[in-house]
Amino acid sequence: MTQDELKKAVAKAAVDYIAPRLERDSVVGVGTGSTANFFIDMLAELKNEFDGAVASSEATAERLKSHGIPVYDLNSAGELEFYVDGADETNEHLELIKGGGGALTREKIVAEVAKTFICIADESKKVGVLGEFPLPVEVIPMARSLVGREIVKLGGDPVYRDGFTTDNGNIILDIYNMDISRPIQIEERLNNIVGVVTNGLFARRPADLLLLGTSRGVESIARKDS
Ligand SMILES: O=C[C@H](O)[C@H](O)[C@H](O)COP(=O)(O)O
């Protein structure tokens with residue numbers, strides 16, 4: 001199977017999971033990226049069975065609206081039953097690296113609000129230890145050099161994502177060669193650097209359910225303590 005076929009399979013598995021659990025007044029949190037896009041396109045078929053969505057990026061909001069799915073501001077949406085999103089990496093504890101597309105901050109905010117975070121990913125995203133994929137950090141532009149120096153002190157190699165601006169008007173530093181064997185600790189340390197908005201580690205708030213696309217089918221992996 002191609003990677004896109006695996007992404008479509010997990011998107012369908014997510015729709016199949018939430019469909020029987022949706023109420024007419026449900027608002028669904030929706031992530032960003034190519035896997036999330038397949039999910040959005042399939043979610044559209046259910047659009048008369050739930051109220052609408054909260055988007056984790058401008059791109060996702062546009063795609064939802066193009067299908068006629070109402071998009072709500074998170075502040076007026078109240079509680080979200082589900083947040084469905086892809087990932088750049090996941091470990092066995094469903095701790096994630098996200099933000100390859102630069103949407104990490106809004107993704108983290110929406111994930112925080114949702115009762116159940118469903119991660120959809122193809123098997124190339126499953127790793128033993130996080131960090132092969134460079135870890136994105138969203139930074140206030142004037143703090144770029146300061147944050148870069150602090151990241152070096154933590155043992156990482158920050159690289160400025162040239163020409164990229166987040167939906168929040170900030171920049172991204174991608175960290176290479178960082179030891180992420182203790183994800184919660186690294187997530188907190190990076191977030192403590194002045195000028196960091198947030199980083200792409202989802203360890204404090206990991207996924208609750210991983211739908212992993214493999215050549216043998218979609219594996220459903222629940223977080224052990226969820
Ligand atoms: O900022 C982007 C998001 O965190 C995506 O969920 C992540 O990059 C995975 O994207 P894709 O599904 O395209 O591999």
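In this text the structure is predicted, and so the values were computed from the model without any measurement. Both counts, for ligands and for their atoms, begin at 1 and track the order of listing.
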Polar atom proximity, G102 to ligand 1 (N or O, under 3.5 Å): yes
Nitrogen or oxygen atoms of A36 and ligand 1 under 3.5 Å apart: no
Identify the protein heavy atom lying closest to [atom], giving its residue, its atom name and the separation to 0.1 Å.
atom                    : answer
atom 12 (O) of ligand 1 : T35 OG1, 2.6 Å
atom 3 (C) of ligand 1  : E107 OE2, 2.9 Å
atom 2 (C) of ligand 1  : G101 N, 3.2 Å
atom 14 (O) of ligand 1 : K125 NZ, 2.8 Å
atom 7 (C) of ligand 1  : D88 OD1, 3.3 Å
atom 13 (O) of ligand 1 : S34 OG, 2.5 Å

Residues D4 and K8 bridged, charged N to O under 4.0 Å: no
Basic-acidic side-chain contact under 4.0 Å: K108, E138: no
F117 and Y83 aromatic ring geometry - parallel, tilted or perpendicular at 30°/60° bounds: tilted
In terms of atom number and element, which parts of ligand 1 are under 4.0 angstrom from non-hydrogen atoms of [X]?
X    : value
A87  : 6 (O), 9 (C)
K98  : 3 (C), 4 (O), 5 (C), 6 (O)
A103 : 1 (O)
G33  : 13 (O)

Lys NZ or Arg CZ of R144 over Y160 ring: under 6.0 Å, within 45°: yes
Pi-cation contact, F202 with K98 (under 6.0 Å, within 45°): yes
Minimum heavy-atom distance I18-F39, with the two atoms named: CD1-CZ, 3.9 Å
CD/E132: more than 12 non-hydrogen atoms of other groups inside 6.0 Å: no
More than 12 heavy atoms of other groups within 6.0 Å of R21 CZ: yes
Best match, L96, T32, N37, V10: closest heavy atom to atom 5 (C) of ligand 1: T32
Residues E58, R106; criterion salt bridge (Lys or Arg N to Asp or Glu O under 4.0 Å); working and verdict: CA-CA 10 Å; E58 300 297 336; R106 294 190 189 189; 3.0 Å; yes
